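Bear in mind the structure is a predicted one, so any value in this text is a computation, not a measurement.
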There are 2 protein chains.
Amino acid sequence: MTESVATKRKFDSLQQEAYLSLWRTYDRLRALEEKLFQTHGLTAQQYNVLRILNASSESMPTLAIASKLVSRAPDITRMLDKLETAGWIDRVRSPDDRRSVLIEITAAGRKKLKELEGPLAEMHEEQLGHVAAKDLRLLCDLLAKIRSPHEPEGTSW
Amino acid sequence: MTESVATKRKFDSLQQEAYLSLWRTYDRLRALEEKLFQTHGLTAQQYNVLRILNASSESMPTLAIASKLVSRAPDITRMLDKLETAGWIDRVRSPDDRRSVLIEITAAGRKKLKELEGPLAEMHEEQLGHVAAKDLRLLCDLLAKIRSPHEPEGTSW
DNA sequence: GCAATATAGTCGTCTGAACATCTATTGTCC
DNA sequence: GGACAATAGATGTTCAGACGACTATATTGC
């Protein structure tokens with residue numbers, strides 16, 4: 001009810017409403033995530049780098065990490081600089097291809113991830129605990145359908 | 001199928017998958033939006049300011065605009081600076097409350113909005129044209145449910 | 001009616017995102 | 001095998017986002 005009234009008043013089209021709703025919802029949930037990461041001294045993107053490295057059994061070249069990240073990262077180099085300074089990753093020039101730089105997570109990096117596990121689960125509960133699992137599943141499937149034509153070839157998304 | 005495999009492999013929980021899917025999808029659609037706005041010399045947030053002012057019949061105080069925006073805007077002042085420089089808005093000190101600054105859209109601002117109408121509709125079609133209306137409706141409702149506990153009191157969202 | 005407090009907006013400053021350009025190394029193809 | 005193109009990443013620069021401190025005005029409570 002209120003929805004459709006609001007729609008008529010505020011949006012030019014259903015597509016616009018969908019996009020702005022997506023943006024708004026992301027923004028609201030992001031605020032919670034950012035607050036958490038801030039207290040632990042890293043950013044969401046930095047956390048995702050560690051998560052990706054941890055999930056991979058081996059070290060990965062710089063740009064391979066960038067392509068797996070949630071959000072584009074043209075400044076991946078400087079992001080890794082910070083992670084390296086914090087001691088959470090190591091950089092090694094690949095012997096096979098001296099252009100590429102292999103990144104691996106350090107013990108300290110794994111420790112940091114471990115430390116974040118609990119708080120992160122709590123934060124996700126705060127973000128989405130009020131939503132039924134079947135709705136979340138539905139949401140994930142809808143979103144996958146929505147973004148599929150916009151994914152680059154051979155992406156892991 | 002592939003979904004649930006991916007889930008087991010890549011995410012720690014359904015909630016995390018939902019949040020990261022949301023982020024990823026937003027990021028993909030945003031890239032299209034940004035490209036469009038860039039060619040027209042404004043940002044998505046700036047466009048939304050104009051859209052809000054245009055929808056309102058009267059001028060609005062600065063912070064009222066900020067609270068209606070999709071994404072938080074602590075730097076609303078400087079955003080408005082740019083819109084003013086471009087000639088799309090006017091600022092007037094309120095005679096009733098000299099603390100507040102009333103913003104109104106100019107004729108040039110309305111013209112700019114008009115100019116963007118067509119390209120914007122095309123862009124939304126590219127973003128979401130492949131998704132059925134009922135799925136978009138479903139998405140909007142799901143998203144509203146998801147963000148509702150995270151909205152500030154008395155928000156227009 | 002005056003001190004204390006709240007509100008509206010501005011400004012300084014720092015960090016992160018975006019983009020173009022640059023260097024080093026590797027691959028290609030004649 | 002040497003010129004040329006492609007790839008991996010680093011770097012310079014510019015701009016938006018975030019946060020706190022600050023000024024001006026209004027409201028409240030005594």
Query - Side-chain N,O (A/R30) to OP1/OP2 (D/dA18) below 4.0 Å - result: yes
Query raised in the report: Are OP1 or OP2 of D/dG9 and a side-chain N or O of A/T62 less than 4.0 angstrom apart?
Result: yes
Query raised in the report: In terms of the nearest nucleotide of DNA chain D, which residue is placed more toward the 5' end: A/L63 or A/D27?
Result: A/L63
Report summary line: Contact check, residues 71-80 of chain A vs DNA chain C, heavy-atom distance under 4.0 Å, returns A/R72, A/P74, A/D75, A/R78
Report task. Pull out every residue in residues 34-47 of chain A that has a heavy atom closer than 4.0 Å to any atom of DNA chain C, ordered by number, or say none. Result -> A/T43
**Report entry** For atom CZ of A/R99 and atom C1' of D/dA8, their distance in whole Å
**Finding:** 6 Å
**Report entry** Interatomic distance, B/K82 NZ vs D/dT14 P [rounded to whole Å]
**Finding:** 15 Å
Query raised in the report: Can any side-chain N or O of A/Q45 pair as donor or acceptor with the backbone N or O of A/S71 at less than 3.5 Å?
Result: yes
Query raised in the report: Looking only at heavy atoms, which two atoms of B/A133 and A/L14 are closest? And how far apart?
Result: O-CD2, 3.6 Å
Requested in this report: Kindly give the heavy-atom pair with the smallest separation between A/R24 and B/L69, and that separation in Å.
Outcome: NH1-O, 3.1 Å
Query raised in the report: Hey, does B/R93 reach any base, or is it just sugar-phosphate, or nothing, if we go heavy atoms under 4.0 Å?
Result: nothing
Is the shortest side-chain heavy-atom distance between [X] and [Y] below 4.5 Å?
X	Y	result
B/W88	B/L53	no
A/I52	A/M60	yes
A/I146	B/L29	yes
B/K35	B/M123	no
A/L50	A/L116	no

**Report entry** Modelled atom types, side-chain donor and acceptor of A/E33 and B/Y19, under 3.5 Å
**Finding:** yes
**Report entry** Gap separating the CZ atom of B/R51 from the CG atom of B/L113, nearest 0.5 angstrom
**Finding:** 9.5 Å
**Report entry** Single-linkage hydrophobic cluster, 4.5 Å side-chain cutoff, A/L138 and B/Y26 together
**Finding:** yes
Query raised in the report: Can you give the first and last nucleotides of DNA chain C, 5' to 3', that have an atom under 4.0 Å from a heavy atom of chain A?
Result: C/dG16 to C/dT26
Report summary line: Nearest-nucleotide check on DNA chain C, B/R91 vs A/P95; residue mapping nearer the 5' end is B/R91
